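Convention: sequence-line order gives letters A, B, ...; per-chain numbering from 1. Predicted, not measured: the structure shown is a model, and the values here were computed from it.
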There are 2 protein chains.
Amino acid sequence: MAERNEDTRWLERDELAAWMSLAGLMFKLPGALDYQLQRDSGLTHFEYLVLAGLSESPDRSRRMSDLAGFANGSLSRLSHVVKRLERRSFVVRRPAEDDGRITVATLTDAGYAFLVDAAPGHVRTVREYVIDALTPEQLAQLKVIADQILQRVDPGKPCSE
Amino acid sequence: MAERNEDTRWLERDELAAWMSLAGLMFKLPGALDYQLQRDSGLTHFEYLVLAGLSESPDRSRRMSDLAGFANGSLSRLSHVVKRLERRSFVVRRPAEDDGRITVATLTDAGYAFLVDAAPGHVRTVREYVIDALTPEQLAQLKVIADQILQRVDPGKPCSE
DNA sequence: GGTTATCAGTTGATGTATCAACTCAAGGTA
DNA sequence: TACCTTGAGTTGATACATCAACTGATAACC
């Protein structure tokens with residue numbers, strides 16, 4: 001695994017600078033988003049994504065593994081999180097009728113109401129930190145760039161549309 | 001704090017798409033990097049950054065708060081992490097001579113050797129996932145974009161150079 | 001038709017992050 | 001000098017993520 005040190009193509013100055021900026025972004029942005037959501041709504045960003053993923057699905061329902069993919073998390077993580085959300089009665093779970101292995105999660109009315117309340121603040125934060133910081137052109141560039149990187153990181157999920 | 005729902009400027013289609021791509025990136029990339037480092041070297045990405053930050057400092061030493069800023073983490077987080085690194089004898093800590101409040105962390109020879117061993121694999125992964133996924137032009141765009149977002153998220157740290 | 005394999009999810013142990021409370025040192029201030 | 005204040009780090013409780021082991025249901029095979 002560890003190749004010899006002299007064989008390594010170290011990063012050039014510009015490459016390093018770009019990478020450090022991206023690394024900074026990866027560290028700081030999730031924290032900032034989590035902070036706002038936690039403070040204003042008592043939600044994790046991941047929990048928010050779960051609720052949002054359910055809210056935009058037919059019948060506000062979605063099977064667990066599908067939801068995990070949407071929220072970019074492992075099935076295990078999702079299971080723990082949904083358990084918590086269930087305790088808050090934002091979500092209910094039940095096995096699918098046709099296949100007993102499958103669990104379907106459904107957003108309750110209370111969960112939907114909670115999401116509707118949390119959404120504006122979150123969207124405003126995303127706008128403030130990301131969208132409004134960039135020109136429309138940069139935003140388009142960003143999407144292309146992020147998708148290309150994602151393709152390498154996780155070839156299984158080529159990205160929507 | 002929670003503004004009325006109708007006042008919210010929701011995200012346009014393109015904005016949403018770009019944001020979802022970025023969100024996916026923020027979730028997946030850290031995990032992928034952590035995975036490689038953990039598997040090949042038993043290091044967190046954060047721990048790696050701490051060691052790397054020390055290695056490139058004069059005397060391989062740096063005060064804690066400075067190091068925390070470099071690694072994009074809180075002082076508390078750094079303190080915990082350095083304690084662990086100290087237990088592995090990769091780092092030592094001692095109070096500064098002139099000011100007893102300040103703690104200086106120093107990379108040991110063992111820590112340096114360990115970093116030298118871990119670096120090639122990490123750099124190769126960064127290259128594979130990020131650098132080589134993009135054209136030089138995109139890389140330049142990415143740096144600009146990331147810096148602009150970072151400026152909003154954390155105005156205190158305008159970014160290097 | 002019974003056995004085995006695979007799939008979807010869950011659970012519990014462990015490790016790590018986070019927050020608030022704390023310690024200890026240095027600067028003021030009177 | 002005694003007192004308060006601020007700054008730098010540490011610590012411990014709690015919450016969350018991760019991994020491996022597990023359960024139960026369906027599908028595949030002979």
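Arg77(A) has its CZ atom 16 Å from the P atom of dT16(C), to the nearest Å. Here the P atom of nucleotide dA26(C) and the CZ atom of Arg101(B) are 7 Å apart, to the nearest Å. Across the protein-nucleic acid pair, Gln38(A) atom CD and dA17(C) atom P stand 17 Å apart, rounded to whole Å. Rounded to whole Å, the distance from CG on Leu78(B) to C1' on dA17(C) is 13 Å. Atom CG in Asp34(B) sits about 11 Å away from atom C1' in dT16(C), given to the nearest Å.
If you find the closest nucleotide of DNA chain D to Gly100(A) and to Glu47(A), the one lying nearer the 5' end belongs to Glu47(A). Where Phe46(B) and Arg93(A) meet DNA chain C, the nucleotide closest to each residue was compared, and Arg93(A) sits on the side nearer the 5' end. If Ile102(A) and Gly31(A) are placed on DNA chain C by their nearest nucleotide, the residue sitting closer to the 5' end is Ile102(A).
Scanning for salt bridge (Lys or Arg N to Asp or Glu O under 4.0 Å) contacts around Arg93(A) gives Glu86(A), with sequence neighbours left out. In this view, Asp14(B) satisfies the salt bridge (Lys or Arg N to Asp or Glu O under 4.0 Å) rule with no residue, not counting sequence neighbours. Looking at residues two or more places apart in sequence or on another chain, you find no side chain to side chain donor-acceptor pair (under 3.5 Å) involving Asp34(B). For Glu12(B), there are no salt bridge (Lys or Arg N to Asp or Glu O under 4.0 Å) partners, not counting sequence neighbours. Under the salt bridge (Lys or Arg N to Asp or Glu O under 4.0 Å) criterion, Arg62(A) pairs with Asp66(A), not counting sequence neighbours.
Listed by residue number, the members of residues 82-92 of chain B with any heavy atom below 4.0 angstrom from DNA chain D are Lys83(B).
Protein chain A contacts DNA chain D over a range whose 5' and 3' limits, counting nucleotides with an atom under 4.0 angstrom from a non-hydrogen atom, are dC16(D) to dT26(D).
Cluster note: Val92(B) groups with no other residue, as no ILVMFWY side-chain heavy atom lies under 4.5 Å from it. If you chain together ILVMFWY residues whose side-chain heavy atoms come under 4.5 Å of each other, Val144(B) ends up in a group of its own. Cluster partners of Val104(A), by chain and number: Ile102(A). The rule joins Ile, Leu, Val, Met, Phe, Trp and Tyr whenever side-chain heavy atoms lie under 4.5 Å apart.
Salt bridge status for Asp109(B) with Arg60(B): present, with a side-chain N to carboxylate O gap under 4.0 Å. Lys143(A) has no carboxylate O lying under 4.0 Å from a charged side-chain N of Glu15(B), or vice versa, which leaves the two without a salt bridge.
Nucleic acid contact class of Ser65(B) (heavy atoms, under 4.0 Å, all strands): sugar-phosphate only. Counting non-hydrogen atoms under 4.0 angstrom, Ser79(A) reaches a base of the nucleic acid. Contacts of Ser76(B) with the nucleic acid, taken as non-hydrogen atoms under 4.0 Å apart, include base atoms.
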Could you list, one pair per line, each protein nitrogen or oxygen that sits under 3.5 Å from a nitrogen or oxygen of nucleotides 2-4 of chain C, together with the distance?
none

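With hydrogens and angles ignored, a donor-acceptor pair under 3.5 angstrom links the side chain of His80(A) to the base of dG12(C).
Applying the ring pair (Phe, Tyr, Trp, His ring centres under 6.0 Å) rule to pairs touching residues 19-42 of chain A yields Phe27(A)-His45(B), sequence neighbours excluded.
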May I have the step-by-step check of salt bridge (Lys or Arg N to Asp or Glu O under 4.0 Å) for Arg152(A) and Asp147(A), ending in yes or no?
CA-CA 9 Å; Arg152(A) 297 240 174 166; Asp147(A) 284 344; over 6 Å; no
